[in-house]
Amino acid sequence: MRPARLLVVVLAALSVTACGSLSRDAYTASDLAGPPPQGLAELRFNASDSDAAIRFAEPARKRASAQRTFDVLALSGGGSNGAYGAGVLAGWTKRGERPEFDIVTGVSTGALTAPFAFLGPSWDDRLAEAYTGKAAGKVLKPRGLGLLFHTSVYSASGLRALVDANVTDDLLQAIVAEHRRGRRLLIATTNLDTEETVIWDMGAIASRGDPASRQLFKDVLVASASIPGVLPPTLIEIPSPNAEKGGRRLSEMHVDGGVTIPFFVAPESLLLWTAAKGQVRPGRLYVIVNGKVGGAFGFTKGNAGAIVGRSWDAMSKALMRTHLAASSAFARRNGGQLLYAAIPDSADVDTSGLDFASDNREALFRMGYERAQAGWAWSLTDEPAEVPPGAPTVPAPPVISGR
């Protein structure tokens, strides 16, 4: 979700960085005519392509049997609020009820969480460190006077450093091993050139095992978490026979997956789909919303920034609720159930998504941990996600080295 303060920052970025630009060779839709770019067709698909979506999920479907539940975890965007989702996962582990997911999907900050969530409880300490450690506090690095000559308010160096530190050899090898078991790790970015959601199979990328694929793995994570105007877009080079004739190097411009989708349990092309009789149907679909879902009173000042910001905040929450409802209907129609965990609307924490101060990240992580450990985190789409009145105090999470 994009909170009000985030929009104000983006608007300011657009006005200040109007002279900044990113150099790239121009091309037209005709340059992309024909089959999908060689080398990428096996690694990704457009969310509008229902046949491709089913094909990419087929190994996970085959893995599920009639005796076990088909479990999907979807992680939303939310910037620094991702610390809440990280806490939910760790607290869920402590409670002893966290399943092994057949498919894990991530958008924006959820993309950074997804690899750890995919690999399971043994990676909880690494996940906690990624969100509560010192490196996370350096994600937004101001450009200073150089702002006028760039496309964003902040440099991507802090985010790339965080991704570089966490995308290690052992993480990639573990993802490859799970991919071979039939499980799937999927990350969404937004292709600004086509205005479409692109879904990347991260296990397939990691399985290639070469330096270029490792870099692509990192680029996808950075792109998915790069809020336009706040962080720069990521250029991903694409091979094209039509371009080679002109000596050009074509690249797609990818930004935050949350621009086109707040989270996904299924691509947009499948939300109205119903499984055929005899096919494995989704069992439990879990969504971690790294933000608040409900509306709340807040006096709106009579200036342009406050009006636009408040309007965007309301629109973002409405979009999240709509997507939750559509995804829940998809689950019910196919014999499953959707549950979601979100920051309580009454929570007294900064949920702007841009507050990377250590105390705020610690508070968000602790809140998610405590709610999940106590069993309060998950709700159905028609139930509130608040702490029951008079609920007992939950013990604090264990101290994690390096935090």
Side-chain angles (χ1 to χ4, degrees), residues 1-14 74-88 106-114 130-132 135-142 152-156 158-159 162-163 188-190 221-232 255-263 287-296 298 305-306 308-321 323-324 340-368:
M1 286 190 298
R2 304 282 191 292
R5 278 172 51 189
L6 184 57
L7 180 65
V8 174
V9 170
V10 171
L11 292 176
L14 292 176
L75 299 152
S76 86
S80 56
N81 295 336
Y84 177 80
V88 168
V107 174
S108 194
T109 193
L112 305 181
T113 306
Y131 274 96
T132 63
K138 301 176 182 178
V139 166
L140 298 181
K141 301 194 79 171
S152 60
V153 174
Y154 298 99
S155 163
L159 176 58
L162 182 65
V163 170
T189 63
T190 298
L221 294 183
V222 170
S224 185
S226 294
I227 305 162
V230 176
L231 291 166
V255 297
D256 194 331
V259 169
T260 48
I261 191 169
F263 67 86
V287 180
I288 293 182
V289 178
N290 290 304
K292 297 180 179 180
V293 173
V308 173
R310 186 71 172 172
S311 298
W312 184 268
D313 198 10
M315 181 179 68
S316 298
K317 289 179 178 179
L319 177 62
M320 178 62 75
R321 293 192 296 269
H323 205 71
L324 281 169
Y340 75 97
I343 298 175
D345 296 331
S346 59
D348 185 20
V349 290
D350 187 338
T351 57
S352 68
L354 292 176
D355 186 352
F356 285 87
S358 59
D359 57 346
N360 189 59
R361 287 181 284 117
E362 287 278 359
L364 287 164
F365 182 90
R366 184 179 296 275
M367 181 187 298

Heavy-atom pair of closest approach, residues [X] and [Y]:
X    : Y    : value
V293 : R321 : O-NH1, 2.7 Å
V289 : S76  : CA-OG, 3.4 Å
P344 : K292 : O-CE, 3.4 Å
P232 : S155 : CD-C, 4.3 Å

Could you tell me the separation between the [atom1] atom of [X] and the [atom2] atom of [Y], rounded to the nearest 0.5 Å?
X    : Y    : atom1 : atom2 : result
H323 : I261 : NE2   : CD1   : 4.0 Å
L324 : L319 : CG    : CG    : 9.5 Å
N81  : L354 : CG    : CG    : 9.0 Å
T132 : R361 : OG1   : CZ    : 7.0 Å

> Looking at residues at least two apart in the chain, or sitting in another chain, which of them share a side-chain hydrogen bond (donor to acceptor under 3.5 Å, both in side chains) with Y131?
Replying inline: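 Here the qualifying residues are T109, T113.
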
>> Going by side-chain hydrogen bond (donor to acceptor under 3.5 Å, both in side chains), name the residues that satisfy it together with S80, two or more places apart in sequence or in a different chain.
In response: none

> Can you list the steps and then say if T351 with Y84 is a side-chain contact (heavy atoms from CB on, under 4.5 Å)?
Replying inline: CA-CA 10 Å; T351 57; Y84 177 80; over 6 Å; no

Side-chain ([X]) to main-chain ([Y]) donor-acceptor, under 3.5 angstrom:
X    : Y    : value
N290 : G85  : yes
K317 : G294 : yes
S224 : A188 : yes

Return the set of residues passing side-chain contact (heavy atoms from CB on, under 4.5 Å) with [X] (not counting sequence neighbours), or none when no residue passes.
X    : answer
T190 : L192, V255, V259, T260
A74  : T105, F263, V265, V287
V139 : L159, L162, F356
A357 : D355, D359

> Are the side chains of V107 and P262 in touch, meaning some heavy atoms are under 4.5 Å apart?
Replying inline: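 V107 vs P262: side chains apart.
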
> Should V153 and L140 count as side-chain neighbours, where that means a heavy-atom distance under 4.5 Å?
Replying inline: no

